Amino acid sequence: MSSASLSPLHLAVALDGTGWHPASWREPVARPRELFTARYWADQVTEAERGLLDLVTFEDGLGLQSSHFLDPDDRTDQVRGRLDAVLTASRVAPLTRHIGLVPTAVTTHTEPFHLSKAIATLDYVSTGRAGVRVQITGRQSDAAHFGRRTIPPIDDLRGPVVADLFDEAADHVEVVRRLWDSWEDDAEIRDAATGRFIDRDKLHYIDFEGRHFSVKGPSITPRPPQGQPLVAALAHDTVPYRLVARAADLGFVTPHDTGQARAIVAEIRAEQDAVGRTAEPLHIFGDLVVFLDEDPAEAAARRERLDALAGEEFTSDARIFTGTPAQLADLLQEFQEAGLTGFRLRPAVAGHDLPAITRGLVPELQRRDAFRRAYEADTLRGLLGLTRPANRYAAA
Amino acid sequence: MSKPLKQIHLAAHFPGVNNTTVWSDPRAGSHIEFSSFAHFARTAERAKFDFLFLAEGLRLREQGGKIYDLDVVGRPDTFTVLAALAAVTEHLGLTGTINSTFNEPYEVARQFASLDHLSGGRSAWNVVTSWDAFTGENFRRGGFLPQEERYSRAKEFLATANELFDSWQGDEILADQATGTFLRDAKAGAFVHEGRHFDIHGRFNVPRSPQGRPVIFQAGDSDEGREFAASAADAIFSRYAGLDDGRAFYTDVKSRLARYGRRPDQLLILPAASFVLGDTDAEAEEIARDVRRQQVSGATAIKHLEFVWNRDLSGYDPEGPLPDIDPDPGEHHIARGRAQVRMYRDPIATAREWRERAAANNWSIRDLVIETGNRQNFVGSAETVARTINDYVQADASDGFILVPHLTPGGLDTFADQVVPLLQEQGVFRTEYEGTTLRDHLGLAHPDDIRHERAAS
């Protein structure tokens, strides 16, 4: 296999509670009582940084977790409750130095003005390591938490209701990005001679007018260190692929085999061409849930044990991998040849599979010259090989 | 026998967007880099202060249709910077101003509950209101709220947030790994609120935080604002830092508490106050005069006069006499996004009074603005400032002060090094934190204990 000819791959870890298996909290390593403490999250992120990973994502939502896609449940046997992801990411930022921090934010009921300054501030407190993973919610129960609008019942995920929520998300991202650019980098002049702190000609109204909202600008927060923090989105179908291609720097996708991976990458790349973003780098990471052990039988046994505790077989939108770090490295390199630029691994049990990634998979990939041996950049964009974008409002 | 000495509460306000900050001073650092906030917070914690305070603004100020460019502009998001500060401090309370008009209760409640968890019980919320369409242009809602409804919405906003905080009792998370029961209660976090401004229901998704609820601050000064504070706040952020106006405000607000079944010690009065220190009182006075000149340049003086005149005064000489024309009495159109505009309720009378004072004292426009806008409350040697602060607190002009230095981020350093030890020697300020939460520092009971106390009485 021709791994030497491929670029080094990128690795992310998706943090969510005690892990992605619904019974993960019952493992002895799980620390479920500490889920609402800063120390728990600091430990997860510093472990990921120890493994030189590019970034971590933090899951979030505007309602309680549920085993149903669109409706709440009243279950008491799984982890329920979570802290605001942007605040959690910010809380761990001063404790880390290199790893990218990408909280999830819901675009459906929130204000782009608030989100823009929150992520810009995360970029300041992390000195250039911020991103945001945008997400929609079609849950009527989430809408009832805000009381500003109702979401029509969704009986078809490819129907107009979902498409409309993604259109709104695209507008949301557009506003957030314009606000990041609403201050030019050198707007602060501190000119004692004229008494001016800023050059107001370098601040810009964004004057966004859309179907769902309008926003005037400029931001109250100056342009963040990366200029444009990273925008990411998880996508499973054509409409969200379009959002990734048009608005994101990084898409998370869920192919189950290399054929699907090739098809998804082709669809996103074609859409990228269609909107004239061909030249702009856009990362496409494959999502995988992982059960990792040195002995493949052990990993399989662990999965079976957790399924038994949960009372049902674990399923996921992403492919579920069970095996050794070397087997996973083989699979990642195979997927990489299908056009993926990196992977977001979802540890089945955070306390077990995250250290298995950082201490098992990462050294294995390094042996193959497929992963970095030291952090080579100070910013998240730098780690991903993305340049600092020019400001759209600055005079050329 | 004299009454026991009151313990002083001290807090620090990171200088925000106004002309307090002397940005032209060579010692002035960044007002936006996190290292500035971290330095400021660490100094406040080294001095054993109760909390750090952040103000907020949701639209850049404008004057004459242009973005205001003479003061510090630009600030971070309140929640995000407070969460990061929780990582570089252990005890310091983290107080943020969050607007109740351009936010929704579910989101704000989960942000404050999250901050309280992530800081181990150190969060506080300064509830402010606005109504103007100018700020609203940055939000989905636009400028939808009639001015007279802003407190109605604020009150219901806070009440709704409290219902969300209280939707978890605190004992729901069992996390029993042996039996597989994570939640003790299948309906944890359930809430229903039906009201004039909010009609929401569902499940709150952040479990009860260490303080139960964040500490609540209120900053409005109108009769309605004072009543709102007396009914629902733990502390009030006032602008009366003088001895006489402080005592009048203190007496008024504390007297309002009884009608809500609250004791005077359940609402702290904390005015914002600036200070200037010198080796001697005379040296401090000299430094203070210099700081005032730096805070009010000629251009700044003209802009401040425009708040009252509501006219373009750019043709006037700041070192010359006041305009002899009267203010434009119509709706304010010159300065937008400025709180000061609302302080002058009768511009014609204010202008007349200012002209008379300027003529009597032979003041230029700039002199007048420096004199009338002087916010330097404590000027002197460390001994003088410590003695004055203590005298004011013991005389019930306040329960302490929220200090606003004129330099970012090092403006608190000399206060921490020189004044705080003197207050500690007098036995009126802590030498170590006794508790871990902001409620502990402020001497406020946990909301669950208040509930039990009420139930028992």
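Just so it is clear, the structure is predicted and the values come from calculations on it, not from any experiment.
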For [X], which atoms come within 4.5 Å of any heavy atom of chain B: side chain, backbone, both, or neither?
{"X": "Ala120(A)", "answer": "neither"}
{"X": "Asp73(A)", "answer": "backbone"}
{"X": "Glu188(A)", "answer": "side chain"}
{"X": "Ser126(A)", "answer": "neither"}
{"X": "Ala144(A)", "answer": "both"}
{"X": "Phe208(A)", "answer": "neither"}
{"X": "Pro72(A)", "answer": "neither"}

Counting only N and O atoms by type, is there a donor-acceptor contact under 3.5 Å from the side chain of [X] to the main-chain atoms of [Y]?
{"X": "Asn138(B)", "Y": "Phe113(A)", "answer": "no"}
{"X": "His114(A)", "Y": "Phe102(B)", "answer": "yes"}
{"X": "Glu111(A)", "Y": "Arg140(B)", "answer": "yes"}
{"X": "Tyr124(A)", "Y": "Ile32(B)", "answer": "no"}

Does [X] reach the side chain of [Y], with side-chain heavy atoms less than 4.5 Å apart?
{"X": "Arg82(A)", "Y": "Asn205(B)", "value": "yes"}
{"X": "Leu58(B)", "Y": "Lys117(A)", "value": "yes"}
{"X": "Arg148(A)", "Y": "Glu104(B)", "value": "yes"}
{"X": "Asp60(A)", "Y": "Arg110(B)", "value": "yes"}
{"X": "Ile198(A)", "Y": "Ile67(B)", "value": "yes"}
{"X": "Thr121(A)", "Y": "Phe37(B)", "value": "no"}

* To do: Give the member of Thr181(B), Asp185(B), Thr78(B), Val88(B) that has the highest number of heavy-atom pairs under 4.5 Å with chain A.
  => Thr181(B)
If I measure from the heavy atoms of chain A, does [X] come under 4.5 Å with its side chain, its backbone, both, or neither?
{"X": "Glu56(B)", "result": "side chain"}
{"X": "Ala188(B)", "result": "backbone"}
{"X": "Phe204(B)", "result": "backbone"}
{"X": "Ser30(B)", "result": "backbone"}
{"X": "Ala299(B)", "result": "neither"}
{"X": "His197(B)", "result": "neither"}
{"X": "Ser297(B)", "result": "neither"}
{"X": "Val206(B)", "result": "both"}
{"X": "Thr300(B)", "result": "neither"}
{"X": "Phe79(B)", "result": "both"}
{"X": "Glu62(B)", "result": "side chain"}

Let's test your reading of the structure: which of [options] forms the most heavy-atom pairs below 4.5 Å with chain B?
{"options": "Leu122(A), Thr88(A), Leu309(A), Thr110(A)", "value": "Thr110(A)"}
{"options": "Ala93(A), Ser116(A), Gly61(A)", "value": "Gly61(A)"}
{"options": "Gly147(A), Pro94(A), Pro224(A)", "value": "Pro94(A)"}
{"options": "Ser141(A), Ala38(A), Ala118(A)", "value": "Ala118(A)"}
{"options": "Thr127(A), Asp84(A), Asp199(A), Leu203(A)", "value": "Asp84(A)"}

* To do: May I ask you to decide if the ring planes of Trp23(B) and Phe197(A) are parallel, tilted or perpendicular, using 30° and 60° as cut-offs?
  => perpendicular
* To do: Just say parallel, tilted or perpendicular for the rings of Trp25(A) and Phe182(B), cut-offs at 30° and 60°.
  => perpendicular
* Asked: Roughly how far, to the nearest 0.5 Å, is OG1 of Thr179(B) from CG of Asp77(A)?
  -> 10.0 Å
* Asked: Which heavy atom of Gly81(A) sits nearest a heavy atom of Pro207(B), and at what distance?
  -> CA-CD, 4.4 Å
* Any residues in residues 111-118 of chain B near chain A, with a heavy-atom distance under 4.5 Å, and which are they? -> Gln111(B), Ser114(B), Leu115(B), His117(B), Leu118(B)
Using residues 215-223 of chain A as the side-chain source, report each donor-acceptor pair under 3.5 Å to any protein atom, sequence neighbours left out, with the distance given to one decimal.
from      : atom 1 : to        : atom 2 : distance (Å)
Lys216(A) : NZ     : Asp207(A) : OD1    : 3.0
Ser219(A) : OG     : Thr221(A) : N      : 3.0
Ser219(A) : OG     : Thr221(A) : O      : 3.3
Thr221(A) : OG1    : Arg75(B)  : O      : 2.7
Arg223(A) : NE     : Asp181(A) : OD1    : 2.9
Arg223(A) : NH1    : Asp185(A) : OD1    : 3.1
Arg223(A) : NH1    : Asp185(A) : OD2    : 2.9
Arg223(A) : NH2    : Asp181(A) : OD1    : 3.0
Arg223(A) : NH2    : Pro389(A) : O      : 3.0

* Please assess Arg203(B) against Asp74(A) for the test salt bridge (Lys or Arg N to Asp or Glu O under 4.0 Å), listing each intermediate value before the final yes or no. => CA-CA 10 Å; Arg203(B) 301 276 296 274; Asp74(A) 284 337; 3.2 Å; yes
